[in-house]
Amino acid sequence: MIILPSFFSIKKQYNFVLDQDVLEAYYLPIIKSSSLSLYRAFFNLNNGQYNLNDFLTQNNLSAQEFENNRKKLESAGLVKTFLEKGTNNYFFSLYPSKSVKEIKEDKEFINLLKLFSSKSEIEKTNYTLGLNEVDEANLTEISETKTFLTQDKPIYKLDFESINQNLTSYFKSLVLISEDCKKTLDIYATKIPYDVIVEILTQSCEKKDDLVFVNYNNMLNRINSYINVISRNANRTIKLIRNSELFTNSEIPNFKKDQIFECYKRHNSEEYLRGILKRDLSLEDLSFISQMLKKISSELLNMTLDMYYSCKAITPGWKKYISKCIDTVNCKGIDSLDTLLNYFNGTTSKIIKEHEAKTRNIFANYEVEEKKNKKEVVEW
């Protein structure tokens, strides 16, 4: 049972108004609505002393709810809590929300925001503020730190010693991973698979003289790209309209062909490949799609992927094959689905014959290559 003091005092350190836009956009995802309501209730009080039990009744709060919400406000920097010597009554010092500029410069705050929210962008404002020092002569601070916010959502600690061994083996040199990089990766460790984290680190490394190090900004950009794609596709079931006869039977009914063409146009290439593979895409898959889209439109890339997986088995060399195919399409100046289909229909039988002749060698070579590269990180 929680026993609270009988009274509490409120003091706003200086005059300020609530920036509702910032509170809703940046703080609400972290501290949730009940804590934000408590902050607003505190703000509506004048500086002075109040009966705590009356306050709880008026705001329909239990002692446990009050304590939990108070600690979240402290963790977010909106409230500082002190105990008055002699009485042990609460003394709450209220602070305004950070400005947008301050939030964007606070890496720890941004990481918390990303941990608790999937919002991609927040509208910029020009609100600025300053902080006054609190007279601590008769006060003892008991405010919680930011760790309180994550106690119900524990942060998994990555094995950076093992990661460093992988990177060192790959680069043949010791790789430096800064503390900022480690803290950020720990936050995302429950959202991003271990092998993807290693890929991100590998592709974020830079070499200067004889030193190899992880570039924090590059790493963060790659993390954001991966999270955005996964978040966008996480709850979306990809239903593709496909028919392998499209590439083997020129007499396929027009209405069926139109449905397939519409499917090529409707889905972006990330979605289309995910629908074919029936799994989440790896960072390497996403990078490959991004590179191909610089050469060809999404709908033509989707048809090329469809043709490959309709006429050939899934093999380790699919990216190399698709890339060469797209280079050929570009050289021939093909820029429409009908023209590309005619081209594929003229080459499909050849593709199938070549595949039957080479499949056994492909898989045999792949098995040898897998053993050779078992401990290596695949370059993006």
Side-chain angles (χ1 to χ4, degrees), residues 199 202-203 222 225-226 229 233 238 240-279 281-366 369 373 378-380:
E199 277 189 64
T202 302
Q203 303 307 321
R222 295 180 188 278
S225 297
Y226 181 83
V229 172
N233 295 334
I238 307 299
L240 303 181
I241 300 175
R242 302 176 65 209
N243 189 330
S244 60
E245 291 184 357
L246 182 68
F247 304 104
T248 58
N249 180 8
S250 59
E251 302 300 323
I252 187 171
N254 283 334
F255 79 91
K256 286 187 177 181
K257 187 180 79 169
D258 290 343
Q259 289 177 338
I260 297 171
F261 277 25
E262 179 58 32
C263 184
Y264 293 151
K265 297 174 182 178
R266 183 168 65 250
H267 295 286
N268 63 54
S269 294
E270 293 166 353
E271 294 175 340
Y272 199 87
L273 181 57
R274 178 170 171 260
I276 290 176
L277 299 179
K278 299 186 182 339
R279 63 166 173 80
L281 302 186
S282 68
L283 197 63
E284 187 180 2
D285 295 333
L286 295 173
S287 174
F288 175 76
I289 292 296
S290 177
Q291 292 170 15
M292 293 304 99
L293 289 174
K294 294 177 181 178
K295 303 178 180 180
I296 198 171
S297 68
S298 179
E299 60 189 49
L300 295 183
L301 176 56
N302 291 346
M303 177 182 277
T304 306
L305 292 168
D306 189 20
M307 181 277 297
Y308 179 84
Y309 284 104
S310 295
C311 302
K312 297 172 73 70
I314 299 176
T315 62
W318 71 270
K319 293 185 179 73
K320 184 176 181 181
Y321 180 89
I322 294 291
S323 181
K324 286 186 176 181
C325 185
I326 288 174
D327 287 341
T328 302
V329 169
N330 274 336
C331 287
K332 292 182 176 294
I334 296 174
D335 59 1
S336 70
L337 290 173
D338 282 311
T339 308
L340 184 59
L341 179 59
N342 290 336
Y343 169 70
F344 284 151
N345 278 337
T347 58
T348 298
S349 59
K350 181 180 178 182
I351 291 171
I352 294 174
K353 288 178 181 179
E354 288 178 350
H355 172 63
E356 290 174 348
K358 295 180 180 179
T359 297
R360 284 189 293 273
N361 289 335
I362 289 174
F363 277 102
N365 292 336
Y366 177 60
E369 193 69 18
N373 298 328
V378 179
E379 185 172 1
W380 205 12

Residues at least two apart in sequence or cross-chain that pass salt bridge (Lys or Arg N to Asp or Glu O under 4.0 Å) with K257, listed by chain then number, are D338

For I289 and L273 the tightest heavy-atom approach is CD1-CD2, 3.9 Å

Per side-chain contact (heavy atoms from CB on, under 4.5 Å), I241 is matched among E262, Q259, H267 by Q259

Practice prompt. Flag the pair T304 / L340 as yes when at least one side-chain heavy-atom distance between them is below 4.5 Å, and no otherwise.
Written response: yes

- Item | Check: D335 main-chain N/O paired with T339 side-chain donor or acceptor under 3.5 Å | no

So CG of N254 and NZ of K256: to nearest 0.5 Å the spacing works out to 12.0 Å

Rounded to the nearest 0.5 Å, the CE atom of M292 sits from the OG atom of S297 at a distance of 13.5 Å

Separation between CD (E299) and OG (S336), nearest 0.5 Å, reads 8.5 Å

F288 vs S269 side-chain heavy atoms within contact, under 4.5 Å
no

Requested in this report: Please step through side chain to side chain contact (heavy atoms under 4.5 Å, CB included) for the pair M307 and C325, ending with a clear verdict.
Outcome: CA-CA 11 Å; M307 181 277 297; C325 185; 4.3 Å; yes

Quick test of your reading of the model: are D285 and K319 salt-bridged, counting only N-O distances below 4.0 Å? yes

Rounded to the nearest 0.5 angstrom, the CG-CD1 distance for N342 and I334 is 9.0 Å

By salt bridge (Lys or Arg N to Asp or Glu O under 4.0 Å), K295 pairs with (sequence neighbours left out) D327

Residues N302 and Y264: closest non-hydrogen pair is ND2-O, 2.9 Å

Rounded to the nearest 0.5 angstrom, the CD-SG distance for E271 and C263 is 10.0 Å

Value for CZ (F344) from CG (L246), rounded to nearest 0.5 Å, stands at 10.0 Å

For M303 and F261, the nearest pair of non-hydrogen atoms, with its separation, is CE-CE1, 3.5 Å

| Any I276 side-chain heavy atom under 4.5 Å of R242 side chain | yes

request  = Using a 4.5 Å cut-off on heavy atoms from C-beta on, say whether the side chain of D306 contacts that of F247.
outcome  = yes

Nearest heavy-atom contact between I322 and L301 is CG2-CD1, 4.2 Å

